[in-house]
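Working notes, structure below.
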Amino acid sequence: MLKKERFRRFIEYFTEHYPEPQTELNFSNPFELLTAVILSAQCTDKRINQITPALFARFAEPESLAAASVDEVFSYIRSVSYPNNKAKHLVGMAKAIMERFGGEIPTTLADLQSLPGVGRKTAHVILSVVYNEPTMAVDTHVFRVSHRLGLAPLTATTPLAVEKSLMAYIPKVHVPKAHHWLILHGRYICLARSPKCSICPLLDFCKYPQS
DNA sequence: ATCCCGAGGG
DNA sequence: CCCTCTGGAT
C-alpha cells in the first residue's frame, strides 16, 4: 500500500472514532502542562497524574517553584522515573522562566528548548497542546507505531527523522490530533511488547502484524 | 526482563 | 554515536 494511502486510512479511522483527542496528563494551565510533561519522561501518565495534584498545590506558578529547594521538589516526585534529575530540571526550568522570560511560559521552539529539562519532544508538546501549532512531538509511542504502520520508513532511526517523515504527509490541520492518535494507539492497542493485533482496526495494512 | 509521552552529558 | 539517570507496573 502506498504511503499516502496509509496516512489517509490512519487519519480517516481516528477522525471518525477519536475526533477530539487530548493528552491524558492532568493540567489547568501551561505551567502545569510543562511541569507534567517534563516529569512524564519514561513514566506513565497515570503515575504522573497521581503526584501532580500535591505538586501543583505547593508550586502553583514558576515563582514558587523557582524559589524551592531541589530536595523539597524531590520529595513530591520521588515515585517517578529519574526523580533526582527531574527535581533539578524543574527548579532550573522555573528559575529560567523567572529570569529570562518574565515568569511567562515561552512560546517558541528555541525558547522552550533553552529551558532545563526541556528537549525537542517536550517543546513540541507545549506548542501543539497549548498553542495548537502543527508540530509533531515524537515519543516512544509515536516512534514505534509510525514504523509498524509504515508511516515512517525503517531508515528513519531517530525521533527527528520520524518527525520529518510524518510532517511530510500529515495535513497541518491534523498534526496536533495525529500526535495524540499515535499515542493512543501505541498505549492501548499497538503495545511495545504484546501488541493487541486482534482488535487493531488498522491491521490490514500493518507491516508488523503479530500472531 | 521489559517498558513507560526523554534529556543531558561525554 | 554512546551512556546514565531511576521508580513502578506487568
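To find a chain, count down the sequence lines: A is the first, B the second, and so on, and within it residues start at 1.
Residue A:T140 has a polar side-chain atom (N or O) positioned under 4.0 Å from OP1 or OP2 of B:dC4.
Regarding A:L184, its CG atom lies at a distance of 11 Å from the C1' atom of B:dC5, rounded to whole Å. Straight-line distance from the CG atom of A:L34 to the P atom of B:dG6: 15 Å, rounded to whole Å. For the pair A:Y82 OH and B:dC3 P, the computed distance is 13 Å after rounding to whole Å. Following rounding to the nearest Å, A:L90 (CG) and B:dG6 (P) show an atom-to-atom distance of 15 Å. For the pair A:E163 CD and B:dG6 C1', the interatomic distance rounds to 14 Å; values are reported in whole Å. In this structure, CG of A:L25 is placed 10 Å from P of B:dG6, rounded to the nearest angstrom. Rounded to whole Å, the distance from NE2 on A:H124 to P on B:dA7 is 10 Å. Look at CG on A:N26: it is 14 Å from P on B:dC5, rounded to the nearest Å.
Separating the P atom of B:dG10 from that of C:dT6 is a span of 15 Å, rounded to the nearest Å. Of the C1' atoms belonging to C:dA9 and B:dA7, the separation is 23 Å, rounded to the nearest Å. Using atom P as the reference point in both B:dC5 and C:dC3, the two lie 24 Å apart (nearest Å). Nucleotides B:dC4 and C:dC5 are separated by 15 Å at their C1' atoms, to the nearest Å.
The six-membered or imidazole ring of A:F59 lies near that of A:Y76, with a centre-to-centre distance under 6.0 Å.
Classification of the A:H185-A:F14 ring pair by plane angle, with boundaries at 30° and 60°, yields perpendicular.
Here A:K95 does not pair with A:E99 in a salt bridge; the nearest charged N to carboxylate O distance is not below 4.0 Å. Ion pair A:R9/A:D204 flagged as a salt bridge, since at least one NZ, NE, NH1 or NH2 atom sits closer than 4.0 Å to an Asp/Glu carboxylate oxygen. The pair A:E20-A:K177 does not count as a salt bridge, with every side-chain nitrogen at least 4.0 angstrom from each carboxylate oxygen. Salt-bridge check for A:R187 with A:E24: passed, with a basic side-chain N closer than 4.0 Å to an acidic carboxylate O.
Taking the side chain as every heavy atom from C-beta outward, A:R148 and A:P195 approach each other to under 4.5 Å.
Contact annotation for A:T23: base contact, defined as any heavy-atom pair under 4.0 Å involving a base atom. Among the heavy atoms of the strands lying under 4.0 Å from A:R187 is at least one base atom, whether or not backbone atoms are also near. Among the heavy atoms of the strands lying under 4.0 Å from A:S81 is at least one base atom, whether or not backbone atoms are also near.
Hydrophobic cluster of A:M98: no remaining members, since no ILVMFWY side chain lies below 4.5 Å from it.
Across A:D45 and A:S40, no two heavy atoms sit closer than the pair OD1-CB, 4.2 Å.
Position along DNA chain C of the nearest nucleotide to A:R193 versus A:T44 favours A:T44 as the more 5'-ward residue. Annotation: of the two residues near DNA chain C, A:N84 and A:Q50, the 5′-most nearest-nucleotide partner is A:N84.
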Return the polar atom pairs (N/O with N/O) between nucleotides 8-10 of chain B and the protein under 3.5 Å, or none.
from: B:dG8; atom 1: OP1; to: A:G117; atom 2: N; distance (Å): 2.7

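Bounding nucleotides for the chain A contact on DNA chain C, 5' to 3', at a heavy-atom distance below 4.0 Å, are C:dC5 to C:dT10.
Panel note: side chain A:N26, backbone A:N49; no donor-acceptor pair is recorded below 3.5 Å.
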